[in-house]
Structure formats: C-alpha cells, structure tokens
Amino acid sequence: QVQLVESGGGLVQAGGSLRLSCAASGRTFSNYAMGWFRQAPGKEREFVAAISGSGAATYYADSVKGRFTISRDNAKSTVYLQMNVLKPEDTAVYYCAASEFGSRFRSKSQYDSWGQGTQVTVSS
C-alpha cells in the first residue's frame with residue numbers, strides 16, 4: 001500500500017477556488033491511478049475525479065466537470081485537485097485514494113489506500 005496525506009482544504013466563499021494536494025509515499029507513485037472522493041455529512045462518499053498513472057487519462061463526476069481539474073506530478077509523488085467556481089454543495093471532506101490495479105476508477109472499491117481527508121467548506 002501507499003501512504004497518502006491530503007492538504008489544502010479550508011473555508012472559501014461561493015465562486016472561489018481552492019487547490020487540494022495529496023502527497024504519496026511508500027511505493028512507486030506512477031504505478032497507481034489516483035482518485036479524489038468526497039463525503040458530505042449524512043451522505044455516502046462519492047467519486048469526484050480520477051487520473052491514470054501516467055496522467056494521460058482523467059475522469060470526472062458530472063457535478064464537477066468543467067470546474068475541477070485533476071493533475072499529478074509523478075516526480076513529486078503528488079496529485080492535485082484544482083477546484084474553481086466552488087458552490088456550497090461542494091462542501092465535504094475530500095479524500096484522495098490510490099489504486100494499483102483495475103480500471104473502475106469511479107468506484108470506491110477500486111482503491112486500496114486512502115488518505116485521512118481534508119475539509120472543504122464553501123459559504124454562500
């Protein structure tokens with residue numbers, strides 16, 4: 001497994017931007033597809049975005065497409081989530097996750113390593 005640590009969360013007004021980072025350690029980072037998920041109070045954890053190990057392929061939930069961008073820097077073993085035009089409904093704890101095998105990137109069960117999460121709060 002790989003160890004993951006998220007950072008960059010915080011409080012922002014609607015329409016604002018945040019960039020989340022997730023630093024990985026322990027294994028060869030480029031071997032892992034990386035995903036971002038989020039969980040709001042009382043709701044299930046849901047898929048936000050994912051990126052292949054090389055960075056060539058990206059996937060987004062419909063709710064964030066056009067506003068969020070996932071990217072990675074394999075030399076720094078870090079994945080990012082740039083979040084623009086934030087809305088109050090984006091408020092949640094955001095988690096990064098790593099997947100060594102498989103291609104069902106939108107599924108939580110695909111991922112075998114998870115970070116501790118970072119809180120994002122968007123005020124109206």
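Heavy-atom basis, side chains included; hydrogens, waters and symmetry copies ignored.
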* Joint cluster assignment, V64 & L20, ILVMFWY side-chain distance < 4.5 Å -> yes
* Any cation-pi pair here, R19 with Y80, using under 6.0 Å and within 45°? -> yes
* Got a sec: does the CD of E44 have more than 12 other heavy atoms crowding it under 6.0 Å? -> no
* Asked: Taking all atoms of both residues into account, what is the closest heavy-atom pair of S30 and N74, and its distance?
  -> CB-ND2, 3.5 Å
* To do: Show the numbers, then the answer: is there a ring-ring contact (aromatic ring centres under 6.0 Å, His included) between Y111 and F37?
  => CA-CA 11 Å; Y111 298 85; F37 288 76; 5.2 Å; yes
* Asked: Is the shortest side-chain N to carboxylate O distance from D62 to K65 below 4.0 Å?
  -> yes
* ring pair (Phe, Tyr, Trp, His ring centres under 6.0 Å), paired with F105, selected from Y59, F47, Y60, W36 -> Y59
* State whether the side chain of E100 and the backbone N or O of N31 hold a donor-acceptor pair below 3.5 Å, judged by distance alone. => no
* Is R67 reaching over with its side chain to a backbone N or O of V85, donor-acceptor style, under 3.5 angstrom? -> yes
* To do: Establish, for the pair R27 and Y32, whether the NZ or CZ atom is under 6.0 angstrom from the six-membered ring centre and no further than 45 degrees off its axis.
  => no
* Structure fact -> Heavy-atom closest pair (Q3 atom, G26 atom, distance to 0.1 Å) is OE1-CA, 3.7 Å
* Asked: Is there a donor-acceptor pair under 3.5 Å between the side chain of R72 and the backbone N or O of S52?
  -> yes
* To do: May I ask you to decide if Q110's main-chain N or O and S99's side chain share a donor-acceptor pair within less than 3.5 Å?
  => yes
